There are 2 protein chains.
Amino acid sequence: METRELRYFVAVAEELHFGRAAQRLGIAQPPLSRAIQQLERRLGVALLERTSRTVTLTEAGSVLLREGRAALDAVDAADRRTRRAATGRPGLVLVTKAGASGDLLRKLLDAYAAEPGAVTVDVLLCGPAEQEPLLRDGRADVALLHRPFDSTTGFDTEELCTEGQVALLPAGHPLTTRAHLQMADVTALPGLPMPRWPAPDGTYPDGPGPRVRDSAQLFQLIALGRASAVLPESCRTHLRGDLVAVPVLDAPTVTTVIAWPPHSRSRAVAGLVRAATRL
Amino acid sequence: METRELRYFVAVAEELHFGRAAQRLGIAQPPLSRAIQQLERRLGVALLERTSRTVTLTEAGSVLLREGRAALDAVDAADRRTRRAATGRPGLVLVTKAGASGDLLRKLLDAYAAEPGAVTVDVLLCGPAEQEPLLRDGRADVALLHRPFDSTTGFDTEELCTEGQVALLPAGHPLTTRAHLQMADVTALPGLPMPRWPAPDGTYPDGPGPRVRDSAQLFQLIALGRASAVLPESCRTHLRGDLVAVPVLDAPTVTTVIAWPPHSRSRAVAGLVRAATRL
DNA sequence: GGCGGCGATACCTCCCCGGTATCGATTGCC
DNA sequence: GGCAATCGATACCGGGGAGGTATCGCCGCC
């Protein structure tokens, strides 16, 4: 199976439309049809059910979609990491959610930088659920992930710290006088819905809350009295004056972990992880 | 990057010889040379240093060897799992070291078989260090691994049980009268060296011990007074009469884990894991 | 029933993969 | 020191296959 065929199949499987998939791939539709047929013939497996009106995935097709994406990520990672290795400038890319674990990150970078043989660490900030693909396809070397929100499946990890969560409310809100809250108090606040974060593909789930892309937007919306949120308590360290954090006792505990792709034999990653576990 | 190019590069990187690599790939040498040149040109990276007498890997080349192998495994896994999904016979392949965790495996299979919706589980027995590649390239769905001997890096795992280790000695050996031993007692037994197991590529490490391929060979050699071994204590359950097991107090504890590839959304794998954790 | 949308087919072109023959460089040997 | 052997690179050729355009066949819809 060639990566070209995999790319073609993934495109069709995602679009469920040969014409659009071909457009996305920058080729004409007929070669795409033929490539998929050939892939099915070589595998001896029907991947798609076509009526002349609609395309759907077979059972085997959805398996290949899932596995094929993983395989393409692995190929992309090989490409990127090889290119990076050739630049001669050894450097790490660490990715974390913007606005999370600020203190921890600073301490980690300081501790690592003090080590002998430390390389430069580029910090990449991104939205939630964007870290996983970055780590998987080689655009990043290490990530700070937050369980249970992020899935650490397929990565090697070390736990760094755990913390409770707090509700963020606009200053002056009645609940801000309370010493602590329960989840039930905040999930159904009238007029303060939970915001919606984008999925990895950039789309937003359905729901009542406002759409947010980063923590600055979120804080702004909370300050305006248009939303509320439950976040790890470390977010208090850079809290604006117009927001109040109240502990939520029964919210799930958040564990910050440092994660890196397996078979990462890189000296630099190992050093960074060692620095992290010693914090 | 196409998988063909990756396969070619991995072959050359492993052989460090264009002629032999070409032979292994079943093509002539000139197309192979060209393919590698083209790969280097497209990546913009030197992967190999050729003198007209010898071929060596560059830094970037060894990165691509590691990452490329992982990528090829992922592609192979996609192929195999798609084919398997298409057969319609949902079945699982569980791989474990021959002779290890016999009781646990039996209990696991019984417990899972009793579940509603259980599928057939094919058991694949193999030598040590062979499980990882099987799981990685899709020939197996689940494995029973034994830490710290097997690396679980890159897999999702659940711990099943932990146990101490025992020294296996021929009946009548002086040490068999002892109630327990230390590692130091057994590592340097005169005339009873530790046997050597094959690496994943089938070669044996250097050393004094006899070469063994499976536990039957091992037991035979120990009974003959030609070797000794330190094994998890569960091996006692199917011990021959001419062997004696003595606990080794300071040997590392062995943890049996059930491991499966990440993104395995399969219902069957999930069911088997659930059955395993409930044991 | 005609129209429009969609995937499949037919057919053509050209690139690139693989093969053979050969070169050029390095090494080891007498 | 020169000659042969070894090994990777180069030159050149032929065929298969990838991609393009034109068109067909099928189906849903006004």
Side-chain angles (χ1 to χ4, degrees), chain A residues 1-62 64-65 68 71-72 75 79 86, chain B residues 1-62 64-65 68 71-72 75 79 86:
Chain A
M1 210 164 19
E2 290 304 311
T3 62
R4 185 185 56 89
E5 300 175 296
L6 270 183
R7 269 184 247 280
Y8 286 7
F9 173 74
V10 169
V12 174
E14 283 177 355
E15 300 282 349
L16 290 177
H17 189 290
F18 280 75
R20 276 196 301 274
Q23 195 173 355
R24 197 174 107 184
L25 293 166
I27 64 171
Q29 171 259 321
L32 181 56
S33 284
R34 258 187 316 157
I36 302 292
Q37 289 175 50
Q38 180 172 331
L39 178 60
E40 289 180 306
R41 209 172 330 118
R42 281 217 274 252
L43 284 172
V45 165
L47 300 170
L48 300 166
E49 302 279 359
R50 306 95 150 140
T51 74
S52 79
R53 212 55 188 172
T54 169
V55 176
T56 56
L57 282 173
T58 63
E59 190 68 25
S62 49
L64 185 57
L65 176 56
L72 288 177
V75 172
D79 184 316
Chain B
M1 210 164 22
E2 290 303 313
T3 62
R4 186 184 55 89
E5 300 176 294
L6 270 182
R7 269 184 246 280
Y8 286 8
F9 173 74
V10 169
V12 175
E14 285 178 355
E15 300 283 347
L16 291 178
H17 189 292
F18 280 74
R20 277 196 300 275
Q23 195 174 354
R24 196 173 109 185
L25 292 166
I27 64 171
Q29 169 258 320
L32 180 57
S33 283
R34 257 188 318 156
I36 302 292
Q37 289 176 51
Q38 181 173 331
L39 178 60
E40 289 180 306
R41 209 173 329 118
R42 280 216 275 254
L43 284 172
V45 165
L47 300 170
L48 300 166
E49 303 279 1
R50 303 96 150 142
T51 74
S52 79
R53 212 55 188 174
T54 169
V55 176
T56 56
L57 283 172
T58 63
E59 190 68 25
S62 50
L64 184 59
L65 175 57
L72 288 177
V75 172
D79 184 316

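Fair warning: this is a prediction, and the values are worked out from it, not measured in the lab.
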For this session: Round to a whole Å and report the spacing from CD1 of A:Ile36 to C1' of C:dA8.
Result: 13 Å
For this session: Could you tell me whether B:Arg50 contacts a base, only the sugar-phosphate backbone, or nothing, with contacts defined as non-hydrogen atoms closer than 4.0 Å?
Result: sugar-phosphate
Exercise. Do the side chains of A:Leu57 and A:Leu16 get nearer than 4.5 Å, heavy atoms only?
Worked result: yes
Exercise. Is the CD atom of A:Glu59 crowded by more than 12 outside heavy atoms at less than 6.0 Å?
Worked result: no
Seminar exercise, completed: What residues 4-25 of chain B contributes to the DNA chain C interface at heavy-atom separation below 4.0 Å is B:Arg4, B:Tyr8
Exercise. Mind checking whether B:Glu5 and B:Arg42 have side chains closer than 4.5 Å, heavy atoms only?
Worked result: yes
Problem set entry | Residues from residues 41-49 of chain A lying under 4.0 Å of DNA chain C - heavy atoms | none
Problem set entry | Pairwise side-chain contact, A:Arg4 with A:Arg7, heavy-atom cut-off 4.5 Å (strictly under) | no
Exercise. Given that B:Thr51 and A:Leu32 both sit by DNA chain D, which one's nearest nucleotide is further toward the 5' end?
Worked result: B:Thr51
Problem set entry | For atom CZ of A:Arg34 and atom P of C:dA10, their distance in whole Å | 11 Å
Problem set entry | Gap between atoms CZ and C1', on A:Arg53 and C:dG7 respectively (whole Å) | 11 Å
For this session: Please check the phosphate of C:dA8 (OP1 and OP2 only) for any side-chain N or O of A:Ser33 closer than 4.0 Å.
Result: yes
Exercise. 5' to 3' on DNA chain D, which nucleotides open and close the contacts with chain B (atom under 4.0 Å from a heavy atom)?
Worked result: D:dT6 to D:dT10
Problem set entry | Side chain to side chain, B:Thr3 and A:Leu6, heavy atoms closer than 4.5 Å | no
Problem set entry | Contact check, side chains of A:Val45 and A:Leu64, non-hydrogen atoms, under 4.5 Å | no
For this session: Just call it for B:Gln38: base, sugar-phosphate, or nothing, with non-hydrogen atoms closer than 4.0 Å on any strand.
Result: sugar-phosphate
Exercise. With a 4.0 Å cut-off on heavy atoms, is B:Gln37 in touch with a base, just the backbone sugar-phosphate, or nothing at all?
Worked result: sugar-phosphate
For this session: May I ask you to test the B:Leu65-B:Leu47 pair for a side-chain heavy-atom distance under 4.5 Å?
Result: no
Exercise. How long is the gap from CZ on B:Arg34 to CG on B:Leu39, to the nearest 0.5 Å?
Worked result: 14.0 Å
Exercise. Considering only heavy atoms from C-beta outward, does the side chain of B:Gln23 approach that of B:Glu15 to under 4.5 Å?
Worked result: no
For this session: Can you measure from NE2 (A:His17) to CZ (A:Arg24) and round to the nearest 0.5 angstrom?
Result: 13.0 Å
Exercise. Looking at side-chain heavy atoms only, is the closest gap between A:Phe18 and A:Leu48 below 4.5 Å?
Worked result: yes
